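Quick notes on the structure that follows.
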Amino acid sequence: MKIFNSYTNQLETFVPRHQGIVSMYVCGPTVYNYIHIGNARPVVVFDTVRRYFESQGMVVKFASNFTDVDDKIIQKAKEEGVDEKTISEKYINAFLKDVASLNSRTDYIKPKVTEYMPKIVDYIQGLITIGYAYEIEGDVYFRVSKLKEYGQLSNRKLDDLISGSRIEINEKKESPLDFTLWKKTEEGIHWHTNFSDGRPGWHTECVAMIDDIFGEEIDIHGGGTDLMFPHHENEIAQSLAKNHHTVAHYWMHNGRLNLEGEKMSKSTGNVVLVKDLNVNKLAYRMFLLSTQYRSPLNYSPEALDVFDKEWQKVQKSVEQLYRLLDLNDQLKDNVVVNASDLVDINNYFIESMEADFNTPNALTALNQLMKAINSKLRQKPDFEWLNQAYALTSKFLFILGLDFNLTKLSIEEKSLIKQWEQARINKDFELADQLRQLLVSKGLI
RNA sequence: GGACCCAUAGCCAAGUGGCAAGGCAAGGGACUGCAACUCCCUGAUCGUUGGUUCAAAUCCGACUGGGUCCUCCA
C-alpha cells in the first residue's frame, strides 16, 4: 500500500505502527449548520480508506471530533435565543444523519470539545510549563519561534510567513505567528482556569483528543488541504513541543470541492447542502470517488447527473444478478473467486486501491465487472461464475461504500416472475405485459 | 506581495521515462413480441515553447491560462 504523505510530500509505503491495526483521526466539523456537499468529501474519502483497510482484514481505530465550542456556535445560539448545547446537539445529529445518508459509517469515536475541556486545559498548561507557550493578560499563545520545524507540513518558511502575513498585528503577542491556545472572554460558554475565564483556541482540541484516545502517535491523520495551514501545522507544533513527534506517521489531505468552479464555503453562503441533494446519495458518493482524492473536484448538477445514471446502471445490473441467483435458489455464501476474468478484474481493483486509493481506477474495475455480468446475464446461466461475480461485486461495493440492501424474493414473488417468463415463452403477450407491469410496480424487475 | 498546485478527446478522468485506461455524450451495428435494459465497433500529434534522453503526457526551463493557501473554512 502506497500513501501520499503530505508531511514529506511524497508517496510512501504504508506500514502501520502495529501490525494489523490502523489508527486514524480525521478533523471533524464545527457544528453550527448543516453540512454542505464539500464537507462531505473528507467524510467519504476517509470512510473509504477505512473500509479498504477493513476489507484487507485490518482493525481500524477511527476517531473524528466535533468542535462544539466556537464563535459561530455562540453567535448562532444568541441569534436563536437558545444555549450553545442546543445548537451543537442539533447539528451533530444532522451531521450523523447526512453522513449515514452517504453510506459512510457512523460507528467511530466522536470526541467533543465540551467533554475534553480538562484535558485541553492540561495540554495548554503543559505547554506553558515547558516554555512553549506563554500567558499574557489571560490569553495564552504558542511560541512558534521556539520550534525550528514549524512550516514543514505546509512547506513554508518562517520568514515567508512573516513577510507575507496578512494577520493583523496583535500587540500582545511576541510574534505575529504565535497562535492562540486560550482566549480570555466572558461572552458565551466559557470555562474557569488558572489563566483566565475563557475558552480554548481551535488548534489544541485535536492533539489533546489524539493524545487521550490513542495515547501515542497515530498512523493516519486526515483532513482537507485547507486545514494544512495553519490548523495541522499548529497541531504538529504542539505535538513536537510536548511529545517530540508529529502526531501522525502519514498525513493525508483531500482536495477541495468547488461549486461550478467557485470556491464553496459556509462563510460565503455559496453552498449546496447534502440534505438538499436531489439525486440518490450513493450517486453523489460515486461522484466524489470518481476523482483521485487529492485532486480538486468541480461540482455541477450536470456532472452529478452523469453519476446518477452511472449509479442506476450499477444498481440495476447488481439487482438483476442477485435476482437471477435467488430465483434459481443458487445464492451461496463464502464463494471463492477463481474465474480468470474475475481474478483479473479483482487484481486491477486492488492494485488501484493500493496506489494511494486510486478510486477512479477502482470504479473502472467496477465498470468492467458490470459489463462482464451484463454479458453473462444474456447467456445460459453459469451459476458458478455468477456466484463468483456476485461475491466480487459485493466486495467492491462494500469497499467503495456503495453497498445497498437486497432482499430475497418471497415464494409468491418467485412464482410471479416465473409466470411472466412462461407467458413470454407461450407468446401470451397480453398476460406477459400485465405481469410485467405488476412486477415493475413491485420493484422486482 | 509571498508560497504552492493544476493544464490529457465535446465533457469527466486514469496514466508520473518505453506504442495514450475507463466513463458520459455523438455516430454505426447486434439483440429484442413491444418497451426498457444490455453488448460490440468508431475518436487524442497529452496548453504553447525551448531543453535533457536511444526514448518525454511523464524530467528541467520559459510562457500562457486556471486554481489553492497565507484570514474563518472540510
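Below, read A as the first sequence line, B as the second, and so on, with proteins coming before strands; counting in each chain starts at 1. Being a predicted model, the structure only gives us computed values, none of them experimental.
- The phosphate of B/rA74 (OP1 or OP2) has no side-chain N or O of A/N254 nearer than 4.0 angstrom.
- Atoms NE2 (A/H203) and C1' (B/rC72) sit 10 Å apart, rounded to a whole Å.
- Going from atom CG of A/N234 over to atom P of B/rC70 covers 12 Å, rounded to whole Å.
- Taking the P atom of each, B/rG47 and B/rA57 are spaced 10 Å apart, rounded to whole Å.
- For the C1' atom pair drawn from B/rA14 and B/rG23, the interatomic distance equals 11 Å after rounding to whole Å.
- Rounded to a whole angstrom, the distance from the P atom of B/rU53 to that of B/rG43 is 35 Å.
- The side-chain contact (heavy atoms from CB on, under 4.5 Å) test with A/H232 singles out one residue from A/C206, A/C27, A/S154, and that residue is A/C27.
- Here A/L257 lies in heavy-atom contact (under 4.0 Å) with a base.
- When Watson-Crick and G-U wobble pairs are counted only if both distances are under 3.5 Å, B/rU58 pairs with no nucleotide at all.
- For the OP1/OP2 pair of B/rC12 and a distance below 4.0 Å, the side-chain nitrogens and oxygens of A/S290 include no atom meeting the criterion.
- Nucleotide B/rG47 is matched to B/rC63 when pairs are restricted to Watson-Crick or G-U wobble geometry with both distances under 3.5 angstrom.
- Aromatic ring centres of A/Y250 and A/F14 lie closer together than 6.0 Å.
- Between A/Y141 and A/Y134, the ring center distance clears the sub-6.0 Å criterion.
- Taking only side-chain nitrogens and oxygens, A/K316 never comes nearer than 4.0 Å to OP1 or OP2 of B/rU38.
- Ring to ring, A/Y108 and A/F46 are not that close: their centroids are 6.0 angstrom or more apart.
- When the C1' atom is compared between B/rA7 and B/rC63, the two are found 14 Å apart, to the nearest whole Å.
- In this entry B/rA3 has B/rU68 as its Watson-Crick or G-U wobble partner, both defining distances falling under 3.5 Å.
- A straight line from CZ of A/R378 to P of B/rA36 spans 12 Å, rounded to a whole angstrom.
- A/Q292 comes within 4.0 angstrom of the backbone, heavy atoms only, and of no base.
- B/rU71 and B/rA55: their P atoms are spaced 47 Å apart (whole Å).
- The separation between A/L289 atom CG and B/rG23 atom P is 18 Å, rounded to whole Å.
- To the nearest whole angstrom, the two C1' atoms, one in B/rC46 and one in B/rG18, are 16 Å apart.
- Comparing atom distances between the A/T364 side chain and each of B/rC37, B/rA74, B/rG22 picks out B/rG22 as nearest.
- The local environment of NZ in A/K442 is sparse, with at most 12 non-hydrogen atoms from other residues, nucleotides or ligands closer than 6.0 Å.
- OP1 or OP2 of B/rC40 sits under 4.0 Å from a side-chain N or O of A/K371.
- Across all strands shown, A/E302 has no heavy atoms under 4.0 Å from either base or sugar-phosphate atoms.
- Residue-level contact check: A/N361 touches the bases, meaning some heavy atom is under 4.0 Å from a base atom.
- Pair assignment for B/rA21: none, as no Watson-Crick or G-U wobble contacts are both less than 3.5 Å.
- Nearest-nucleotide assignment on RNA chain B puts the 5′-proximal partner with A/F307, out of A/F307 and A/S317.
- As rounded to whole Å, 5 Å separates atom P of B/rG15 from atom CG of A/N358.
- Taking the six-membered ring where the residue is Trp, the centroids of A/Y32 and A/Y91 are separated by 6.0 Å or more.
- In the set B/rC69, B/rC24, B/rC34, the nucleotide with an atom closest to the side chain of A/R436 is B/rC34.
- Among the nucleotides B/rC37, B/rA74, B/rC39, the one closest to the side chain of A/Q320 is B/rC37.
- Between the P atoms of B/rG17 and B/rC59, the separation comes to 8 Å (whole Å).
- Ion pair A/K110/A/D68 not flagged as a salt bridge, since none of the NZ, NE, NH1 or NH2 atoms sits closer than 4.0 Å to an Asp/Glu carboxylate oxygen.
- A sub-4.0 Å separation between OP1 or OP2 of B/rA25 and a side-chain N or O of A/K309 is present.
- Pairing for B/rG33 is absent, with no Watson-Crick or G-U wobble pair whose two atom distances lie under 3.5 Å.
- The separation between A/F287 atom CZ and B/rG22 atom P is 22 Å, rounded to whole Å.
- Taking side-chain N and O atoms only, A/N9 has no distance below 4.0 Å to OP1 or OP2 of B/rC5.
- A distance of about 28 Å separates the C1' atoms of B/rG27 and B/rG33, rounded to the whole Å.
- Mapping A/S375 and A/W202 onto RNA chain B by nearest heavy atom places A/S375 at the nucleotide closer to the 5' end.
- For the pair A/L297 CG and B/rC11 C1', the computed distance is 14 Å after rounding to whole Å.
- Applying the 4.0 Å criterion to OP1 and OP2 of B/rA74, one finds that A/N39 has a side-chain N or O inside that range.
- Within a 6.0 Å sphere centred on CD of A/Q437, heavy atoms belonging to other residues, nucleotides or ligands number 12 at most.
- Contact annotation: side chain of A/R424 to base of B/rC34, donor-acceptor pair absent below 3.5 Å.
- Across B/rA74, B/rA14, B/rG33, the shortest atom-to-atom separation from the side chain of A/R256 is found for B/rA74.
- One interatomic measurement links the two molecules: NE2 of A/H253 to P of B/rG67, which rounds to 23 Å at whole-angstrom precision.
- A donor-acceptor contact under 3.5 Å links the side chain of A/D433 to the base of B/rG33.
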